[in-house]
J.: 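This is the structure, below, for whatever I ask next.
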Number of protein chains: 2
Amino acid sequence: MHRHEGHDACHTGVGDMLARAETICRERGLQFTPLRRDVMEAVAEAGKAQGAYDIAEKLSARGKRVAPVSVYRALDFLMEQGLVHRIASRNAFIPCPHGHAPGEGVVFLICRTCGVVDEASSEELEDGLDRTLKRAGFTPAHSILEVEGDCGACRERRQDS
Amino acid sequence: MHRHEGHDACHTGVGDMLARAETICRERGLQFTPLRRDVMEAVAEAGKAQGAYDIAEKLSARGKRVAPVSVYRALDFLMEQGLVHRIASRNAFIPCPHGHAPGEGVVFLICRTCGVVDEASSEELEDGLDRTLKRAGFTPAHSILEVEGDCGACRERRQDS
DNA sequence: GGCAGCGGTGATACACTGTAACATTCCCGC
DNA sequence: GCGGGAATGTTACAGTGTATCACCGCTGCC
Ligand SMILES: [Zn+2]
Ligand SMILES: [Zn+2]
Ligand SMILES: [Zn+2]
Ligand SMILES: [Zn+2]
């Protein structure tokens, strides 16, 4: 795996990610089946967000055919456990190396140049959102915060040239 | 610039919406064609977010068949002009009664009970997001902020029963 | 008039994304 | 062994969006 400065996703290796997933499942009395493991691995080892059909194709390449519907089921499971996030603006999925507190607001930073998706969260942003919602008389249940732009690495690369 | 703290404060009627769209197009030297007008009307008169196929069906009901692809083209045009927003988490479209400053962050408040989508924006939220992005070394180009929950009206309705 | 160019639309086909429904397998407790 | 539940396989289908080409109406130009 290449190293990209500033990209959180790269600070957690694929092996670590799989080990953590297995631990979480065991702690919760859930099954970390071979399919779920393979899907987790496919998502974790890709440098950028993967579509469900990309994952199905990748897994099918090693011999045994995996239908997209199976991938969706595995992804649903992994999302429920907080191991994977769905990027709504891309119809794609990324591994989550963090483990979030329930109700924690997370912003996805999607680089339109290199495709890497990073996560950020801040009290400040959350408070601002909460107050804005409160003023509007709206009770939040779930939020999607996604920003597309240029990551630091790509911006520097552009300035060099 | 025109800021909104959510809510029904802006009851823009369908007629007003169409008139505004026509004015904007004329000012910009663009064509507000019958198809674009019909799509704008269909989006504006629906109480909630409409899918492209819903719109196509609605327009086809009055006799002449309108293909979804035509609706998509009209919606693309209307979105470029800031007259319509796309709700990524619903794959659906809503009219925009506001006219936003370029780069203004807008939060969509999506009621999971009644389906109404409202807009809110606040300096506070924008500043929080800007600072969070800056800390992450990320340069934003476009952001999607969507919150699903219960609107004030639906919450009151629930408490009554 | 004739004609090329252009934007908008019609129409078909297709790709991509996601879900419903049912059959099968496997494992665990009785 | 047997019943039940969870996971997966399999097929079919619904929903969302795009590519491509043809056509039409208009404008500017010769
Ligand atoms: Zn995460
Ligand atoms: Zn980048
Ligand atoms: Zn708006
Ligand atoms: Zn509501």
Side-chain angles (χ1 to χ4, degrees), chain A residues 21-22 24-26 28-43 46 48-60 62-81 83-94 115 144 146, chain B residues 21-22 24-26 28-43 46 48-60 62-81 83-94 115 144 146:
Chain A
E22 187 166 7
I24 286 177
C25 289
R26 194 171 36 237
R28 299 177 188 174
L30 302 171
Q31 306 180 40
F32 193 56
T33 65
L35 176 64
R36 289 170 180 173
R37 203 206 75 97
D38 288 349
V39 171
M40 182 77 249
E41 184 182 34
V43 174
K48 51 180 190 161
Q50 295 288 292
Y53 279 64
D54 295 334
I55 298 168
E57 197 175 343
K58 194 168 176 180
L59 297 185
S60 296
R62 5 180 169 169
K64 186 182 164 205
R65 167 185 142 86
V66 178
V69 62
S70 297
V71 174
Y72 277 111
R73 283 191 290 227
L75 287 170
D76 287 342
F77 172 84
L78 295 171
M79 281 193 290
E80 277 170 20
Q81 306 314 315
L83 295 165
V84 161
H85 295 299
R86 181 180 141 82
I87 307 299
S89 61
R90 296 281 178 113
N91 295 325
F93 303 84
I94 59 168
I144 296 174
E146 300 178 8
Chain B
E22 187 167 8
I24 286 178
C25 290
R26 193 171 36 238
R28 299 178 187 172
L30 302 172
Q31 305 180 41
F32 193 55
T33 65
L35 176 64
R36 290 170 180 173
R37 203 206 76 98
D38 289 349
V39 171
M40 183 76 250
E41 183 181 37
V43 174
K48 51 180 189 161
Q50 296 287 292
Y53 279 65
D54 296 334
I55 297 168
E57 198 174 344
K58 193 169 177 180
L59 297 185
S60 296
R62 7 179 168 169
K64 186 182 164 204
R65 166 183 142 87
V66 177
V69 62
S70 297
V71 174
Y72 277 111
R73 283 191 290 229
L75 287 170
D76 286 343
F77 172 84
L78 295 170
M79 280 192 291
E80 277 170 21
Q81 306 314 316
L83 295 164
V84 161
H85 294 301
R86 179 180 144 82
I87 308 298
S89 61
R90 296 281 179 112
N91 296 325
F93 303 84
I94 59 168
I144 297 175
E146 300 179 8

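Letters A, B, ... are given to chains in the order of the sequence lines, protein chains preceding strands, and every chain is numbered from 1.
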J.: What is the distance from CD1 of B:I87 to C1' of D:dG15, rounded to the nearest Å?
T.: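 One finds 18 Å between C1' of D:dG15 and CD1 of B:I87, rounded.
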
J.: Send over the distance from B:Q50 CD to D:dG17 P, rounded to a whole Å.
T.: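 Checked: the CD to P distance equals 14 Å.
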
J.: Between A:R36 and A:L78, which heavy-atom pair has the shortest distance, and what is it?
T.: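 Reported closest heavy-atom pair: O-CD1, 4.0 Å.
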
J.: To the nearest angstrom, how far is B:Y53 atom OH from C:dG18 atom C1'?
T.: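 Rounding to the nearest Å, OH of B:Y53 and C1' of C:dG18 are 14 Å apart.
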
J.: Please list, pair by pair, any protein nitrogen or oxygen found under 3.5 Å from a nitrogen or oxygen in nucleotides 3-6 of chain D.
T.:
none

J.: What integer distance in Å separates B:D54:CG from D:dG17:P?
T.: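 In whole Å, D:dG17 P lies 11 Å from B:D54 CG.
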
J.: I need the minimum non-hydrogen distance between B:A92 and B:G51, along with the two atoms involved.
T.: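 The pair with the smallest heavy-atom distance is CB-N, 4.1 Å.
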
J.: Could you tell me the separation between the CE atom of A:M79 and the C1' atom of C:dT17, rounded to a whole number of Å?
T.: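 One finds 13 Å between C1' of C:dT17 and CE of A:M79, rounded.
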
J.: Please tell me if the side chains of B:L59 and B:R65 come closer than 4.5 Å, counting only heavy atoms from C-beta onward.
T.: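 No, too far: nothing below the 4.5 Å cut-off.
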
J.: With rounding to the nearest 0.5 Å, note down the distance linking NZ in B:K48 to CG in B:D54.
T.: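 That separation rounds to 8.5 Å.
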
J.: From CD1 of B:I55 over to P of D:dG15, roughly how many Å is that when rounded to an integer?
T.: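 It is 15 Å, rounded to the nearest whole Å.
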
J.: Report which part of the nucleic acid A:R86 touches: base, sugar-phosphate, or nothing (heavy-atom distance under 4.0 Å, all strands).
T.: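 Sugar-phosphate only.
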
J.: Which atom pair, heavy atoms only, marks the closest approach of A:E41 to A:R62?
T.: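 For A:E41 versus A:R62, the nearest heavy atoms are OE1-NH2, 3.6 Å.
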
J.: D:dG15 phosphate, OP1 or OP2: any side-chain N/O from B:N91 under 4.0 angstrom?
T.: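 So the side chain of B:N91 is outside the cut-off, no N or O lying under 4.0 Å from OP1 or OP2 of D:dG15.
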
J.: Is any side-chain heavy atom of B:F93 less than 4.5 Å from a side-chain heavy atom of B:M79?
T.: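 SC-SC contact between B:F93 and B:M79 confirmed.
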
J.: Would you mind reading off the bend of the helix from C:dG1-D:dC30 to C:dC30-D:dG1 from its two end axes, five pairs each, to 10 degrees?
T.: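 Answer for the end axes of this duplex: 10°.
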
J.: Contacts to DNA chain C from residues 65-76 of chain A, heavy-atom cutoff under 4.0 Å, which residues?
T.: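 Of all residues in residues 65-76 of chain A, the ones placing a heavy atom under 4.0 Å from DNA chain C are A:V69, A:Y72, A:R73.
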
J.: Testing the basics here: between A:M40 and A:L83, what is the closest heavy-atom pair and its distance to 0.1 Å?
T.: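 What the structure gives for the nearest pair is CE-O, 3.6 Å.
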
J.: Could you give the NZ-to-P distance, from A:K64 to C:dT25, as a whole number of Å?
T.: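 After rounding, the reported distance stands at 13 Å.
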
J.: Are the side chain of B:E146 and the backbone of B:S89 linked by a donor-acceptor contact shorter than 3.5 Å?
T.: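 Yes; judged by distance alone, with no hydrogens or angles, the pair exists.
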
J.: Distance check needed: C:dG8 P versus B:F77 CZ, whole Å only.
T.: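 The answer, rounded to whole Å, is 7 Å.
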
J.: Using a 3.5 Å distance criterion without hydrogens, assess whether the side chain of A:Q81 forms a donor-acceptor pair with backbone atoms of A:I24.
T.: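 Answer holds: no.
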
J.: How far does CD of B:E80 sit from CZ of B:R28, to the nearest 0.5 angstrom?
T.: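 Rounded to the nearest 0.5 Å, the CD-CZ separation comes to 10.5 Å.
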
J.: So, for A:A52 and A:L75, which heavy atoms are closest and what is the spacing to 0.1 Å?
T.: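 Looking at all heavy atoms of both residues, the closest pair is CB-CD1, 4.2 Å.
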
